[in-house]
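The next block holds one structure in the form of structure tokens; read it before the comments.
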There are 2 protein chains.
Amino acid sequence: MGGGGAGPSIRLVAERAGVSAGTVSNVLNGKASVAPAISARVRVAVEQLGYFRDNRASRLRSGDSRLAGVIVPDLTNPMFAAFVSTLEQLGRRDGYDLVVVSARNDPAEEVERLRRIREWRPAGLIVIPCDGALAERLPGGPPMPLVVADRIPDAPRFDLVAVDNAEAAAAVVRHLGVQGCEDCLVVGTSLAISNVRERWEGARSAAGNLRLDFLAVGFDDHAPPALEERLRGAGRPQALFCLDHETTLAAYRLLGEMGLGAGADVAFAGFDEMEWMRLVAPAVTTVRQPVEAMAACSWSMLRRRMGGDAGPPQARRLRCAVTFRGSTPRQTASRSREADRTTQGG
Amino acid sequence: MGGGGAGPSIRLVAERAGVSAGTVSNVLNGKASVAPAISARVRVAVEQLGYFRDNRASRLRSGDSRLAGVIVPDLTNPMFAAFVSTLEQLGRRDGYDLVVVSARNDPAEEVERLRRIREWRPAGLIVIPCDGALAERLPGGPPMPLVVADRIPDAPRFDLVAVDNAEAAAAVVRHLGVQGCEDCLVVGTSLAISNVRERWEGARSAAGNLRLDFLAVGFDDHAPPALEERLRGAGRPQALFCLDHETTLAAYRLLGEMGLGAGADVAFAGFDEMEWMRLVAPAVTTVRQPVEAMAACSWSMLRRRMGGDAGPPQARRLRCAVTFRGSTPRQTASRSREADRTTQGG
DNA sequence: ATCGACTCATAAAACGTTTCACCGCAGGCC
DNA sequence: GGCCTGCGGTGAAACGTTTTATGAGTCGAT
């Protein structure tokens, strides 16, 4: 006995309590009514043997999966970590086990993870895709409840939860304009990510007579040379606006290494508020995404789907909060100096 | 037939390919040799039906679990996130699925998570306990391969991977002494956590004639009032040394809110290097823990246990790196001023 | 021609659980 | 006493897979 896995089986418990296996199951799951005396005997046997259920058999037999998969592009990104952490709490509250995996920003790994998760027969999936295009390279099988969060796949066949990227970016750009900025370099990892694309378009739509220029710097460059070049010398823009977590961090670090002061030498704004942005001086103007709300919204949508709702795909947009801080100061005094320097633009 | 979970069963594939279920299994797992013609037919059928294995049945039947559980106190702590992320990569490399859960710094939740994970019959567990005492309130059952990381349970019955806490803290304290500090307030969440305890003891052992004082501030206080009181007014210590991630962040934020400059008004050092510590001015002196190495070490120890090794528990200590930066400056010039202010201490 | 050895495929058993059909039995009612 | 109605328990089937014992067939050597 003892079997492959450790631990006693339900049959052993049944034998010890002098009842049948079905009765033990009924006691443990409360599905059918059991006489108090028997129930007590069973509980004692469970306690004595240290029995605990084998979910593999349990979930196999009862088609009820009570398992949900979560895939994020990168667990070390604090935003995604918060997302997962919130989901975990919600899942637990509703009696679901969560399988959390990170795709490490690699579409190939994403699809591989999806394959493996699927083999556990989850009741639903919440995915933050690492690439807009690859979100629909989902394994073919039967459609499974699926919520796509944060980043929008190219084909809108799924339930969707995201933030109001364009509006948030527009707010930042408008602010820069009001502060007197004349030109701004907008930086992001890649326009292949829907977030970055939407933010860039939102920024452009609100540019007014602020000159905008976009630069894609990719993921793994800590000090992107292309960016460094743009910040060096006479052509340096008055403002720098970073469209995602990675870029914001990399650019701010680069500014420091180049001896440029955020706010003083270059106005600086970014996405994805993190604690340090309030700790530095001057503090950094950022867009704060409502991660917890996004997680909660994703979970409730997924629950509805797992409950059997088969309506058409829904999309929800959550509003971001922009906090203006010292890193995007009024450009009055410095503008003349800057204008002098950037004669090439005139 | 579709059954409870979605997707076709292995029997359907077998029927379609005109073979038996066992043969399909053999083709898919390569355990026994199958004639090339049959193998091809089976693969075609698999492809056409979109078959994929049901791990619940698979792992149930073959006792092989190929599943490992990971429990950390808090996924939003970047150190633990990095730990998990590394583990995930290693697990995948070795063909293991990982179940990752966070205990949210709550021992009760930790034990509840452990219970639930256990029901999936994992082959092993890697735990960063949220509390030294509660690590051995493990569910009773049969002993399972288990590696405890980062924090040391009170009873050393398990394999253990941790860092050289005492030595790292001692290095920081020695540095403070050399810089001319006379008194230092040491802050940590709780001495119930072995890390904090070891660091505090290491600090004390290296104090020399530097006066040390310890303050426990708990977890959820963003601006711990007790700490604020100690930093206000005449009794303010010359140096502040924070013994863990949470405290370092909270204390640094508090300094800012109080208008005190780290380095200028109070020498400041902390544990758990994070990116912003290099971004602020002056940069923060910190102890960097080798998280990735800790994860790799945990995994290799667990693999050995899962492979059947039943030797006595082993313990490994990894070395931390201390980076001295501007937040712990030489106190020569300012010491006289400070001494003037802290007349009560003279 | 017979035997042994080897290769492949099959049918059935097993894993641990839940569910389903069934049955004994007590009690109330006619 | 016969009959219906529930209650509370049982044995067996089922979930989808892997494994094991078995057997059918081929080939080469005696």
Side-chain angles (χ1 to χ4, degrees), chain A residues 1-42 45-46 49-67 118-121 123 141-142, chain B residues 1-42 45-46 49-67 118-121 123 141-142:
Chain A
M1 314 306 157
S9 77
I10 205 175
R11 289 183 197 281
L12 261 186
V13 177
E15 190 181 346
R16 176 141 189 157
V19 295
S20 78
T23 301
V24 176
S25 176
N26 282 334
V27 170
L28 263 42
N29 301 325
K31 296 270 179 183
S33 77
V34 188
I38 299 265
S39 175
R41 275 223 311 278
V42 168
V46 164
L49 292 172
Y51 167 82
F52 54 103
R53 167 177 42 219
D54 187 330
N55 270 344
R56 300 171 302 187
S58 171
R59 304 281 162 83
L60 169 62
R61 167 56 196 172
S62 78
D64 189 10
S65 129
R66 279 235 173 285
L67 186 72
R118 198 175 49 151
E119 298 189 341
W120 290 102
R121 296 296 195 274
Chain B
M1 301 296 160
S9 76
I10 205 174
R11 289 181 199 281
L12 260 187
V13 177
E15 191 180 345
R16 176 139 187 160
V19 296
S20 77
T23 301
V24 176
S25 176
N26 281 334
V27 170
L28 263 41
N29 301 323
K31 295 270 179 183
S33 79
V34 186
I38 299 265
S39 174
R41 275 222 313 276
V42 168
V46 164
L49 293 173
Y51 167 82
F52 53 104
R53 168 179 40 218
D54 187 330
N55 269 344
R56 300 170 301 186
S58 170
R59 304 281 162 81
L60 170 61
R61 169 56 196 169
S62 78
D64 189 9
S65 130
R66 279 233 171 287
L67 185 72
R118 197 176 50 150
E119 298 188 341
W120 290 103
R121 298 294 194 276

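Quick note on labels: first sequence line is chain A, next is B, and so on, each numbered from 1. Since the structure is predicted, the reported quantities are computational estimates derived from the model, not experimental observations.
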Practice task
Using the closest heavy atom to pick a nucleotide of DNA chain C for each, name whichever of B:G18 or B:L60 lands nearer the 5' end.
Solution key: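 By nearest-heavy-atom nucleotide position, the 5'-most residue is B:G18.
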Does [X] put a side-chain nitrogen or oxygen below 4.0 Å from OP1 or OP2 of [N]?
X: B:S25; N: D:dT18; value: yes
X: B:S33; N: C:dC8; value: yes
X: B:S20; N: C:dA11; value: no
X: B:T23; N: C:dC8; value: no

Classify the nucleic acid contact of [X] as base, sugar-phosphate or nothing, counting any heavy atom under 4.0 Å across all strands shown.
X: A:R59; result: nothing
X: A:N29; result: sugar-phosphate
X: A:S58; result: sugar-phosphate

Does any part of the side chain of [Y], heavy atoms only, come nearer than 4.5 Å to the side chain of [X], both counted from C-beta?
X: A:N55; Y: A:R66; answer: no
X: A:L28; Y: A:R53; answer: no
X: A:L12; Y: A:E15; answer: yes

In whole Å, what is the span from the [atom1] atom of [X] to the [atom2] atom of [N]?
X: A:W120; N: D:dC15; atom1: CH2; atom2: P; answer: 20 Å
X: B:D64; N: C:dA14; atom1: CG; atom2: C1'; answer: 17 Å
X: A:I10; N: D:dA14; atom1: CD1; atom2: P; answer: 19 Å
X: A:N26; N: D:dC7; atom1: CG; atom2: P; answer: 14 Å
X: A:I38; N: C:dG24; atom1: CD1; atom2: P; answer: 18 Å
X: A:R66; N: C:dT18; atom1: CZ; atom2: P; answer: 14 Å
X: B:R121; N: C:dG16; atom1: CZ; atom2: C1'; answer: 9 Å
X: B:K31; N: D:dT17; atom1: NZ; atom2: P; answer: 16 Å

Problem - Where B:V27 and B:S39 come nearest, the two heavy atoms and their spacing - result: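 So the minimum-distance heavy-atom pair works out to CG1-OG, 3.9 Å.
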Practice task
Over all heavy atoms of both residues, which pair between B:R56 and A:R59 is shortest? Give the atoms and the distance, please.
Solution key: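 Shortest heavy-atom contact: NH1-O, 3.2 Å.
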Which of the following nucleotides, [options], is nearest to the side chain of [X]?
X: A:R61; options: C:dC8, D:dT10, C:dG16; result: C:dG16
X: B:S62; options: D:dG9, D:dT18, C:dT17; result: D:dT18
X: B:D54; options: C:dT17, D:dT19, D:dG16; result: D:dG16

Handout entry: Most 5' of A:V19 and A:R11 on DNA chain D, judged by nearest nucleotide
Key =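 Upstream on the strand: A:V19.
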